[in-house]
Amino acid sequence: MAQMDSENLHLVQYLRKIQIAWELAPEELAKISHVTQEKLKEYLDLSSDAVDGLPSLPAGLEPAMPLVSIYKNLIQMMPDSEKQNEWLVVPNELFEGNKPIEVMAMSPDHLSWVSYTLESQAREKRLV
């Protein structure tokens, strides 16, 4: 099933989409976003109206920002959600043979590294 994401959503809305698209349990989303499960639950349980009233970068969600870039670049590079999910869990030479999802979980810096690497790959494909 192909999926596209041209919307400009709030960070909380993106985190909801990422959790569903990547079929992540709450603890997995917390681990790769580097946000506590409690903080994620607090924000993800909010109504749409409550999310609309939040600042664009809610307190405590700062480390999760690179996930949005990763998500958007994966959609652009691999519109099929099954391909995205496969990419997340297959060892990748770009990450020294590690699975991208495991690299993302290592630290906020590693999450940013995956984001940067994907952005670079997407840019190269656009330039070719």
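- Interatomic distance, Leu44 CG to Lys39 NZ, rounded to the nearest 0.5 Å: 12.0 Å.
- Clustering ILVMFWY residues whenever any of their side-chain heavy atoms sit less than 4.5 angstrom apart, transitively, puts Tyr116 in a cluster other than the one holding Leu67.
- Within the model, atoms CE of Met104 and CD1 of Ile70 stand 5.0 Å from one another, a figure rounded to the nearest 0.5 Å.
- The existence of a salt bridge linking Glu38 and Lys41 is excluded, since no basic side-chain nitrogen approaches an acidic carboxylate oxygen closer than 4.0 Å.
- Results of the side chain to side chain contact (heavy atoms under 4.5 Å, CB included) test with Ser33 over Leu61, Leu111, Leu24, Leu40 single out Leu40 as the only residue that passes.
- Closest approach of Asp45 and Arg16 over heavy atoms only: C-NH2, 4.4 Å.
- Shown here for Met78 and Gln84, the closest heavy-atom pair between the two residues is O-NE2, 2.9 Å.
- Counting all heavy atoms, side chain and backbone alike, Ala25 lies closest to Glu28 at N-OE1, 2.6 Å.
- Atom CD of Glu93 has 12 or fewer neighbouring heavy atoms from other residues, nucleotides or ligands inside a 6.0 Å radius.
- In this structure Lys31 satisfies the salt bridge (Lys or Arg N to Asp or Glu O under 4.0 Å) test with no other residue, sequence neighbours excluded.
- The distance from the NE2 atom of His34 to the CG atom of Leu29 is 11.0 Å, given to the nearest 0.5 Å.
- Not a single donor-acceptor pair under 3.5 Å links the side chain of His110 to the backbone N or O of Ala105.
- Nearest heavy atom pair, residue Ala30 against residue Thr36, reads CB-C, 4.2 Å.
- Minimum heavy-atom separation, Pro26 to Gln37: O-CG, 4.2 Å.
- In this structure, OH in Tyr71 is found 3.5 Å from CD1 in Ile75, a value given to the nearest 0.5 Å.
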Subject >> Steps toward side chain to side chain contact (heavy atoms under 4.5 Å, CB included) verdict (Met65, Leu11) >> reply: CA-CA 7 Å; Met65 284 298 300; Leu11 176 58; 3.8 Å; yes
**OP:** Please report the C-alpha distance between Glu102 and Phe95 in whole Å, then the side-chain angles of each, then the deciding distance to 0.1 Å, and finally whether the side chain to side chain contact (heavy atoms under 4.5 Å, CB included) criterion is met.
**Re:** CA-CA 10 Å; Glu102 291 175 350; Phe95 307 111; over 6 Å; no
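- Summarising the geometry, atom CG belonging to Leu74 is positioned 5.0 Å from atom CH2 belonging to Trp87; distances are rounded to the nearest 0.5 Å.
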**OP:** Given side chain to side chain contact (heavy atoms under 4.5 Å, CB included), test Glu96 with Val103 step by step and report yes or no.
**Re:** CA-CA 10 Å; Glu96 301 172 355; Val103 176; over 6 Å; no
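- The structure places NZ of Lys72 at 14.0 Å from CG of Leu118, a figure rounded to the nearest 0.5 Å.
- Ser69 approaches Glu119 most closely through the heavy-atom pair OG-OE1, 4.1 Å.
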Subject >> Step-by-step side chain to side chain contact (heavy atoms under 4.5 Å, CB included) determination, Leu94 to Gln121 >> reply: CA-CA 10 Å; Leu94 292 171; Gln121 292 290 308; 4.0 Å; yes
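- Between Tyr43 and Leu54 the shortest side-chain heavy-atom distance falls below 4.5 Å.
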